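Heads up: the structure comes next, in C-alpha cells.
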Amino acid sequence: MRETQFAIVGGGPAALSAAIQAAKLGVSSIILDENPQLGGQIYRQPASAFKIQDENELGKHYRDGKRILAEVQEYSDKIEVNNDALVWGYFDERKLTVLHNGKSELLKAHQLLIATGAYDRPIPFPGWTLPGVFTAGGVQVMIKSQRLLPGSRFLLAGSGPLQLALADQLLDAGAKILAVVDATSTMRMMRYLPSLLRRPGLVYEGFSYLTKLRRRGIPYLRSHVIIRASGNEHVEQAVIASLDENGKPLPGSERTFDVDAICLGYGLVPNIDLTKLCGCAHEYNHAQGGWRPTHNEHMETCVPGVFVAGDGCGIAGVHAAIQQGKLAGIYAASNLGLLDIPAADKMAKPIRSKLSTLMKFATALGELYSLGNMIYSLSNDDTVICRCEEITFREIREAIHAGAVHVDDIKRRTRSGMGYCQGRICGPSLLGIAGNELNVHTEAAGHLKGRLPIKPVPLTALLDL
Amino acid sequence: MVASTNVVVIGGGVIGTSVAYYLSKAKMNVTLLERRELASEATGSNYGGLPLQTSHSPDLIRESARMYESLGSELGADFELEHTGSYLLMDNGDQLPMLEAHAKEMAQHGIQVDILTGRELREVDPDIAPDVPGGSRCPSGLIVNPMKVAYAFAAAAKRLGAQVNTFTEVEEVRVDNGQIKSVVSTKGEIETKFVVLATGAWAPLLGNKLNLRIPVIPRRGQIIVTEALPPGKIRYMIDADYLITSSSLEAVKASTDPKIRLGISAVLTQPGHGNWLLGTSRDFPGYDKSNTLETLTLIARRAVRFLPKLKHVNIIRTMSGLRPFCESGHPIISPVGGIKGLVLATGHHGEGVGLAPVTGKLVSEIITGRPSMPIEEFGYNV
Amino acid sequence: MFDGQRTEVGNALGEAEKGVRKARRIGHLQNRGTEFQITVDGKPVTAFAGETIASVLLADGNTVIRHTSKKDEPRSVFCGIGICFDCLVTVDGVPNQRACMIPARPGCVVTRQIVLPHEEEEHRG
C-alpha cells in the first residue's frame, strides 16, 4: 500500500494551489487527477500533442493556468502528479482506492484534500437529450482543449456570466450565434449590481462581452428560457419563451431559431461524491450551487484530516478556489506538525481577508443567478429526466405522489440514478421536481446517498488490489 | 395521524408492508409507522431472491412462493417477478454428497431439486466456469424486485384504508396490565389494541424497552452491482458454500480465513434490467452498514470464480444492508406471552423477501383468528 | 477525407447554411499532433494525436453517437467532461466507453452503439 503525507484529489486551481502551498511548507503531496492533463476545467490546457502558435488565441485562463502549472513543476521534488488517476473509493481513515492508468492501487493519505470541482447544472426540457444539445462547460472544453467547434449555428441558454464568456469564445472560433438568453431579469440584475461592483474588473468584462454581442446584432435576451429543442436525430430548432414574474414561460412569447447546437449554461453544481463517501457533513446552499460539504476556517471538514477547497465545496470561482487551496495547504501542513496553529493562523490571515471579499462577491453572484425551482417545471410528461435509465418526468412525479419524499426513495421507486452517471445528471433535477411537487424547500428532498465506486470501475479494480 | 386504530405495524420493510396489507384485507384498521422511508433498510439492499432450495423454512417458503404467483394481480402491481430458477454451483466434487442429501431433504418438503453434472450446467449456460464440476437446479426458484414488492403491499394496504406514515419514529410502546395500550411516536400517540413489531435488525431495540430479549442480531450483507449486460442463460447462481451455514458462530467469528469470517459465498443474480447483482457476505458489525474493501474484494473474487465473464465488467454501485439474524435459524412470527396484543414478525435473516407474503398472512391470522399453518417453530419463547 | 470546409484556416466567420450540422476543427490543422487513421463503423477516419474519440467522431460529421437501449433515442456528447455517460461507444471491442474521455490512437476500432452488441449477434444468427 502506498502512503503519502498529503493526497490531493483534483487537478484544478484549488488542488494546484494547495499542492504548491503545502510544498512551500515542506509537505510532500500526490495530486490525483482523473484527466490526462492537469488544469481542471477553468485551466484546461490544449491537448499536449497540439502545438500552440498564438497563446493569445487561448485566453487569460490558459495563461494563468500555464503559470500555476509551471509553479507545480518547480516543486516537482515535493509534488508528485498522477494523471489518469481515478479515486473511486474511500475506506476508513483516509485509505483511497485508485485506478491509475488502468492499474488498481491502494493509497493511505495522512491528510486528504478533496478538490474535485463542479459540473454544469443539467436543466431538463422537452428535446434536451437530442444530439447537439451540450452543456456550456462541455463546449468550452471542446473549444479550449480539443480546438473543436461542435456546430455552426448556436443558441446559448442559461443563467449567469459564464454564458457571455462562452459566447465570446464561440465567436472567436467562427461560430454563428443566433441568440443568448438568460433566465435572470434585468430588475434582479439591477438589484445586485451594487454588490457586483466590488469586482469592477469583472463587471467591466461582462459589459464588454455584451457590447460585442450587440455590435454583431446578436440578441441578448434577459428573462428568457429555452423551452424546447426539436429535430430529427439531431437538434434543428430551439424555441425560447419569456418568463413572467413567477418564472413561468409566458404563452404566446415563443420564438423559434434554426440551430444545430444549443449550449446550456445554468450555473454549476459541486461534485460531492467523494465527500459523501468520506462521511463529511453537507449543507444545502442555493447560492453556492446546492449541496456542499461543510468545513471550518481551516477548510477542514468534520472528518479529521479531510479538507475541501474550490468549487467542490461551493461555487465561488477560480480566485476563491486558489485562496481556499492555500488555506488547505497551510492547515494540512499544520496537522502534519510542520507548523503550529499560531504560525498557520498568521500565514492564513491575509489569505482569509482576500477570500472574504471574494466570497462576498461570489455569494452575490450566486444569489443573482441561481434560479428557483420553477426552472424544473419546463418538462412535460414524456421528458426524460434520468438520461441513463430513460426515466420520464411522469414516472418521477408518480413516485413522489405515491409517497417518495427523499431523492433516494425516488431512486428506489423509479431507477432514476441507477445508471452509469450514478445520479449526477438527474440528481439536481430530482430535488427541484420534488420541491415543486411537494411545495417544499429544495433541500427537503435531501441528496443521494454516497456509494462507491464514485465512477464506474471494472471488477479488476477490486480483483487486482 | 389518527388518534386510535386496531393495529399499529412498526417497520416499513417488506415484512411490515405485507403485514399491513393482509391485516387491512382482514378488515382491520391499520397504521404503519416507518422511521425513514419504505424499503430503506434490508428490503432496499438485497437481490430479491427466492432460491427455495436453500431455505431454512422450506414449508413456509413453498407456501410463500405459491402466494407470489398470484400476488401481482391481487395487488395490481408489477414487481418484476422472473422465473429464473436457481442453480447451486459446486466449487469442487467433494461437495456432491452434500448437494445430494440436501436435494433429498428439499424433495421431502415438496421442493424439486435436480442434480446436474458440470457438462449439463454448461449446456444450459456456457459462461459458467469450466472447472465447476456440477450443481443443482431448483426450477421453482425465482427473483422479484424487493422494493417494488414493499411498495405494492403498502399501496394496496392504503387502498384498503391503512395509514402509512414514513419519517415517523416510534419512541415507546405503552403497556398497561399486560395489555398493549398505545404507541408513542415522533408524530404523536396512537391508541391501539395490537402492535406488530416488524423492524428487522432493529427489533431488539424496541424489545429492550419492553423488557423483552428478542434474539435478533444485525448481520451485514454487501452487494456489488454491475453495468447492464446482455442476459445470461442462467441468471440465479448460488455458491454451494452457501449451504454451509455454520453451527458455531463463535468459530466463524474467530476464523483466520477471511472468507469464513466474513461469510463470503457467491450469490449472483441478473434481473431483467441486465445489471448483475454480486453477493454475498455475512458478518456481524453491529449496526454499521458501510461497505468494506476486504468483503467487496472477496465477493468479486468468488463471483469471477463461477462466472469468469464478469472479470472486466464495470461496477456501478455497491449496496449494504443489515439482515435480522435470528439465533434459532428461523424467523419469529409469534404473539408474546405476557404482553397481550404484541406480535413479533422479525428475524427473517436472508429470507425476508421470500417469506413476506406468508408472514403477512400468518400475522393477520394470529391477530384475527387462527394460523392456517403450524407456527410453533417460529414461536417467541421468553 | 478532407473537404474544403475542414481545411479552412484561421477564424472564418461562420458561413454555415441552414441545416449544415458539421462540427469543425478550429485553427491551423498543422498545429495538431500527428495525423493518423482510426476505424469508425468499418470506415477509415482521420484523427490527430491529442484528439478524443468524441472530437474525431464529431469532426467527421457524425451527429449521432449512439441510440439508447430502452427508447432507441439518439444521443451525442452532452457534458463533454466524462460525467454524463451519454457519448458511449465501443472501442477495440470494449463497449460503453466514454468517447469524450478516450484519446484516439492509431488503428483503434470504434463502433457506434446504434445497434447493441448482443442484438447484432442475434441478427447475425
Side-chain angles (χ1 to χ4, degrees), chain A residues 34-36 41 46-54 57 119-120 122 128-135 137-143 145-153 171-177 232-236 258 260-261 271 384 387-390 419-422 424-425 455-456, chain C residues 5 8 10-34 48-52 54-56 58-59 62-88 94 96 98 100-101 103:
Chain A
E34 197 191 350
N35 291 311
Q41 306 312 331
S48 55
F50 288 14
K51 305 167 199 108
I52 316 299
Q53 299 284 50
D54 181 9
E57 234 179 51
Y119 60 99
D120 281 83
W128 75 305
T129 58
L130 276 172
V133 180
F134 305 99
T135 61
V139 174
Q140 278 191 316
V141 163
M142 287 183 226
I143 294 176
S145 168
Q146 292 287 290
R147 305 302 285 141
L148 178 83
L149 193 59
S152 53
R153 300 171 60 87
L171 290 172
D172 279 350
K176 186 169 169 63
I177 300 180
N232 180 32
E233 293 284 292
H234 189 272
V235 74
E236 287 165 22
D258 292 323
D260 59 21
N271 252 326
V384 164
R387 295 171 70 111
C388 295
E389 295 290 308
E390 304 180 78
Y420 281 120
C421 95
Q422 300 164 310
R424 278 180 189 85
I425 300 296
K455 289 244 174 90
Chain C
Q5 252 186 340
E8 212 153 37
N11 306 325
L13 279 177
E15 49 136 55
E17 324 127 37
K18 178 177 168 177
V20 170
R21 298 168 187 168
K22 289 188 176 158
R24 62 172 185 270
R25 293 177 166 97
I26 309 164
H28 299 251
L29 292 174
Q30 55 259 45
N31 286 345
R32 292 169 198 264
T34 357
F48 292 88
E51 293 186 326
T52 61
S55 298
V56 174
L58 291 176
N62 294 292
T63 50
V64 176
I65 285 191
R66 74 176 173 111
H67 274 193
T68 59
S69 50
K70 194 162 127 190
K71 297 176 193 260
D72 200 27
E73 287 178 350
R75 298 282 173 93
S76 180
V77 172
F78 176 65
C79 80
I81 60 169
I83 60 153
C84 76
F85 287 81
D86 248 338
C87 62
L88 302 177
V94 183
N96 301 316
R98 290 168 289 170
C100 71
M101 294 293 276

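Quantities reported herein were computed from a predicted structural model and do not represent experimental measurements. Naming convention: chains lettered A, B, ... in sequence-line order (proteins, then strands); numbering from 1 in each chain.
- The two residues A:Leu148 and C:Ala59 have their closest heavy-atom pair at CD1-CB, 3.8 Å.
- Of all non-hydrogen atoms in A:Glu233 and C:Val64, the two that sit nearest each other are O-CG2, 3.4 Å.
- Contact of A:Gln140 with chain C is not made at all, since no heavy-atom distance falls under 4.5 Å.
- With a threshold of 4.5 angstrom between heavy atoms, A:Val384 approaches chain C through side-chain atoms but not through N, CA, C or O.
- Not a single side chain to side chain donor-acceptor pair (under 3.5 Å) links C:Asn62 to another residue, sequence neighbours left out.
- Only the side chain of A:Asn35 comes within less than 4.5 Å of a heavy atom in chain C; its backbone stays farther off.
- Using a 4.5 Å cut-off between heavy atoms, A:Thr129 contacts chain C through both its backbone and its side chain.
- Formation of a donor-acceptor pair under 3.5 Å by the A:Lys51 side chain with backbone atoms of C:Gly33 is not found in this model.
- In plain terms, the two heavy atoms of A:Pro131 and C:Ser76 that are nearest each other are CB-CB, 3.6 Å.
- Heavy-atom distances place the side chain of A:Ile425, and not its backbone, under 4.5 Å from chain C.
- Scanning all heavy atoms of the two residues, the minimum distance from A:Cys421 to C:Phe85 falls at CA-CD1, 3.8 Å.
- Judged by distance alone, the side chain of C:Arg32 and the main-chain N or O of A:Arg147 form a donor-acceptor pair under 3.5 Å.
- Rounding to the nearest 0.5 Å places OH of A:Tyr420 at 3.0 Å from CG of C:Asn96.
- Shortest non-hydrogen contact noted between C:Cys79 and A:Thr135 is O-OG1, 3.3 Å.
- Judged purely by atom type and a 3.5 angstrom limit, C:Arg25 has no side-chain atom pairing as donor or acceptor with the backbone of A:Gln146.
- Using a 4.5 Å cut-off between heavy atoms, A:Arg387 contacts chain C through both its backbone and its side chain.
- Heavy-atom pairs under 4.5 Å with chain A peak, among C:Gly80, C:Ala54, C:Cys87, C:Ser55, at C:Ser55.
- Within the model, atoms CD1 of C:Ile83 and CZ of A:Arg424 stand 6.5 Å from one another, a figure rounded to the nearest 0.5 Å.
- Here the shortest heavy-atom pairing between C:Cys84 and A:Cys388 reads O-SG, 4.0 Å.
- Of the two parts of C:Leu88, only the side chain, counted from C-beta on, holds a non-hydrogen atom closer than 4.5 Å to a non-hydrogen atom of chain A.
- A:Trp128 and C:Phe78 have perpendicular rings, their planes meeting at more than 60° on a 0 to 90° scale where under 30° would count as parallel.
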